Amino acid sequence: MLFVTAAQMPTAVAADLSVKAGSSSPAYDWSGFYAGMNMGYISGGSNWTAAPSLSGALDMFQPFDLFKGTGSFSTGLQAGYNYMLPNRFVVGAEVDASFPSIENPNGISIGGTSTLSSPFGAESYSETVLSSGTVRGRIGYAPANWLFYATGGFAWTYDRLTLTQLATGTTDMPFLWRLGWTAGVGVETPVAPHWTARLEYLFTDYGNSSVLFANAGQRFNSDLSLQALRAGLNYRFGDDVASSTVPSSTLDPDIVNFHGQTTFTWQGYPAFRSPYEGTNSLPGGSSGRETWDATLFAGIRLWPGAELWLNPEIDQGFGIGNTLGIAGYTSGEAYKIGFTYPYTRLQRAFIRQTIDLGGDSQKVDAGINQFAGSQTANRLVLTVGKFSVTDVFDNNKYAHDPRNDFLNWSVVDTGTFDYAADPWGYTLGAAAEWYHGDWTLRGGLFDLSILPNNLELDPTFGQFQWVGEIERRFELWGHPGKIAVTGFLSRGRMGSYQDAITLAQITGEPADIAAVRQYRSRGGLSMNIEQEITSDLGAFVRAGIANGDIEPYEFTDIDRTVAAGLSLKGARWGRPDDTVGVAGVINGISDEHEAFFNAGGLGILIGDGQLPRPGMEQIVEAYYSYAVASSTKVTFDYQFIANPAYNTDRGPVSVFGARLHSAF
């Protein structure tokens, strides 16, 4: 489970709890509204029948695959209301919706597949859950600070059923709503002011349903039942919850830390000049797409200086052009894999160890994946697990967070920094940071995908990447700034552009980089500068170069880049929480890279089928972030892209965007 219960706490935490439990305090009052997030693992089965006398059973359980991020797990959102009677019986109602993991390469999340022989020949039949939810009542008893409850009510699920004729590949994929009932039990306890944690078991029966596969003219009948064990967190609303009803036996806020965020981003563009298009082109007609995500940042202190962080996330949507067509892509909130329905990813799961080495003590405020406390100026920080390379490297306070500042990929990160990542930007690895005075030295080793730009990370670590960075902090005219130089070296099966062009000339086919991949190296170097100019105005500059003879492995098709911009807070016009930013970036590729695209080659994000008149990709981005409240901001964004995908025959493109972001 991804949420830590009291029984799982380390010894130091347990000791802290036992001391606190000895003090007298009023029993917890469970009355009130709450909302939260849960994550769990699901198993179950579906028995199916079809004419003339076919039958079988599907096992809906799928094992967790760390390197693909798949399995029969889900993340959900819930909201409800409790009322506690004077005798400490609690009654309530709750509604929830759950979203399964991203589908595995066979198109299955929570689901299964059967192979059968029918009068039509060999067939494959599968079911997979796309989303589900319940509306339930709860009744329980609350001795001291625990709530033990039973729950039951109405349940629904939205599934996709697939029947494939294996000989011809003909596929039917109808969708099916199933309705049923659910029942279960659970236990819940407060863990911090406003916060409670729960562990819950649910059994759900959706009964029998029938679906017609039109292409095959076959009807299948099936039932479905699921069992879920899930852990969750609830946030209870109301100031009185924190001030008067939290018992002293709850976990110390210094031991657990919970934050969350949700971001909705829309981008669209009008039609632009497009005399031709290729497989990876941005379509020339007008288009608009949206993305949405919700993330929980849950942390617990393990021992002095050590923290465990888990970040389950729900994602949905697509970028414009299905995240293709522009090397400096327009939205850091759009991933390389999109999906119409919300799905679950465990984006981060890592341990961080901080070792103080002396020097001045520095206060650290609580935040996302960060405990409040103090640290010394000289320290060693070790991070191991699943996280983003850019959590540690290539940071810039003015341009690094697409949920709060700029959106463009080559503005928030150095465009040539081909960092190890899955399609969502995360990987497995380890990093070390040594802070000493005004200097920081960083290094890391990370897992690459099993193939360039692939869904699956390499389970053997045979494809890997070294990253190093040196940073110098300074003051300029009394204002802080820093400069960092970052280098990477990737080792894996990559293709040479010249080899692909030569092969295309021999075969007469478009250049195919996958056909010429060999185990080799690709490196790059970049510089990152940030400088405060006044208390509310800052500037940044990024520049980078990478090996242009070899294909990029993970990020995007950029061999050289220069970006610069300004960020201004709104204090001068009476809105100190607002921010306006403007940036420009110029991206380029090598001559061999251009010739590869002109030979019909496809890159990670781009490929117009031809590139007879190449040019530098030039981008200007401007945004205004309006603070609706301290935790909620609405941002309006505009990007102008000249020569998208380095093609002077196409564009320019004007991309308009809006972003709603809320965090706690």
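On a predicted model such as this, the values are computed, not experimentally measured, just so you know.
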Look at the side chain of T291 and the backbone N and O of G319, then say whether any donor-acceptor pair between them is shorter than 3.5 Å.
no

Residue pair F406, D637: steps toward the side chain to side chain contact (heavy atoms under 4.5 Å, CB included) verdict:
CA-CA 8 Å; F406 294 95; D637 185 270; 5.6 Å; no

Decide yes or no for D447 and F67: does some side-chain heavy atom of the first lie under 4.5 Å from some side-chain heavy atom of the second?
yes

Report yes or no: does S72 contribute a side-chain atom to a donor-acceptor pair with the main-chain N or O of I42 at less than 3.5 Å?
yes

Check this for me: does any side-chain nitrogen of one of R403 and E313 sit under 4.0 Å from a carboxylate oxygen of the other?
yes

Salt-bridged, R138 to E200, with N to O below 4.0 Å?
no

Please lay out, stage by stage, how D394 and T414 fare under the test side chain to side chain donor-acceptor pair (under 3.5 Å).
CA-CA 7 Å; D394 196 37; T414 303; 3.1 Å; yes

Decide yes or no for L455 and D422: does some side-chain heavy atom of the first lie under 4.5 Å from some side-chain heavy atom of the second?
no

Report the C-alpha separation of R198 and T196 in whole Å, then their side-chain angles, then the decisive distance to 0.1 Å, and conclude whether the side chain to side chain contact (heavy atoms under 4.5 Å, CB included) test is met.
CA-CA 7 Å; R198 66 161 62 163; T196 63; over 6 Å; no

Could you tell me whether F64 atom CZ has more than 12 heavy atoms of other residues or ligands within 6.0 Å of it?
yes

Without swapping roles, check the side chain of N528 against the backbone of N395 for a donor-acceptor pair under 3.5 Å.
yes

Nearest 0.5 Å, please: how far is CZ in R379 from OH in Y435?
5.0 Å

Heavy-atom closest pair (K68 atom, R345 atom, distance to 0.1 Å) is O-NH1, 2.9 Å

Donor-acceptor check, side chain of T632 to backbone of S662, threshold 3.5 angstrom: yes or no?
no

For Y201, is the OH atom crowded, meaning more than 12 foreign heavy atoms sit under 6.0 Å from it?
yes

Considering all heavy atoms, the nearest L233-Q78 contact
O-NE2, 3.3 Å

Begin from the C-alpha positions of D458 and T460 and carry the test side chain to side chain donor-acceptor pair (under 3.5 Å) through to its verdict.
CA-CA 5 Å; D458 187 348; T460 69; 2.8 Å; yes

Sub-4.5 Å side-chain heavy-atom contact between Y206 and D159
no

I'd like to know whether the aromatic ring centres of F664 and W195 sit less than 6.0 Å apart in this structure.
yes

Rounded distance [0.5 Å steps], CZ in R236 versus OH in Y34:
10.0 Å

Verdict with reasoning, R442 to T486, per side chain to side chain donor-acceptor pair (under 3.5 Å):
CA-CA 9 Å; R442 300 183 177 95; T486 307; over 6 Å; no

Side-chain touch N369/R348, heavy atoms, less than 4.5 angstrom
yes

For the residue pair W146 and F148, does the interplanar ring angle fall in the parallel (under 30°), tilted (30 to 60°) or perpendicular (over 60°) class?
parallel

Would you compute the distance between atom OG of S98 and atom CD1 of I314 and round it to the nearest 0.5 angstrom?
8.0 Å

Among Y329, W409, F488, which residue meets the ring pair (Phe, Tyr, Trp, His ring centres under 6.0 Å) test with F555?
W409

Non-hydrogen side-chain atoms of F393 and F446 separated by less than 4.5 Å
yes

Rounded at 0.5 Å granularity, tell me how far CZ in R289 sits from OG1 in T330.
12.5 Å

How far apart are the closest heavy atoms of A144 and A27, and which atoms are they?
O-CB, 3.7 Å

Can you confirm whether more than 12 heavy atoms, excluding those of W434, are under 6.0 Å from its CH2 atom?
no

Beyond-backbone contact of T635 with H661, side-chain heavy atoms, under 4.5 angstrom
no

Can you confirm whether or not the ring centre of F264 sits under 6.0 Å from the ring centre of W266?
no

Check: Y141 ring centroid to W30 ring centroid under 6.0 Å:
no

dist E530:CD -> S567:OG (nearest 0.5 Å) comes out at 10.5 Å

Would D413 and H400 satisfy side chain to side chain contact (heavy atoms under 4.5 Å, CB included), going step by step from the backbone distance to the final call?
CA-CA 6 Å; D413 296 309; H400 196 59; 3.1 Å; yes

What I want to check is whether the side chains of E307 and Q370 have a donor and an acceptor closer together than 3.5 Å.
no

V256 and V191: which non-hydrogen atoms are nearest, and at how many Å?
CG2-O, 3.8 Å

Do Y343 and D315 come close enough that some side-chain heavy atom pair is under 4.5 Å?
yes

Just wondering, do T262 and W292 contact through their side chains at under 4.5 Å, heavy atoms?
yes

Please report the shortest heavy-atom distance between L346 and K386, naming the atom on each side.
O-NZ, 2.9 Å

Pair Y149-T151, side chain to side chain contact (heavy atoms under 4.5 Å, CB included): steps then yes or no:
CA-CA 7 Å; Y149 63 89; T151 182; 4.2 Å; yes

Atom CG of D577 and atom NZ of K569: how far apart are they, to the nearest 0.5 Å?
7.0 Å

Tightest non-hydrogen contact, residues Y419 and S388, listed as CE1-OG, 4.3 Å

Hey, are D96 and R230 close enough for a salt bridge, meaning a charged N less than 4.0 Å from a carboxylate O?
yes

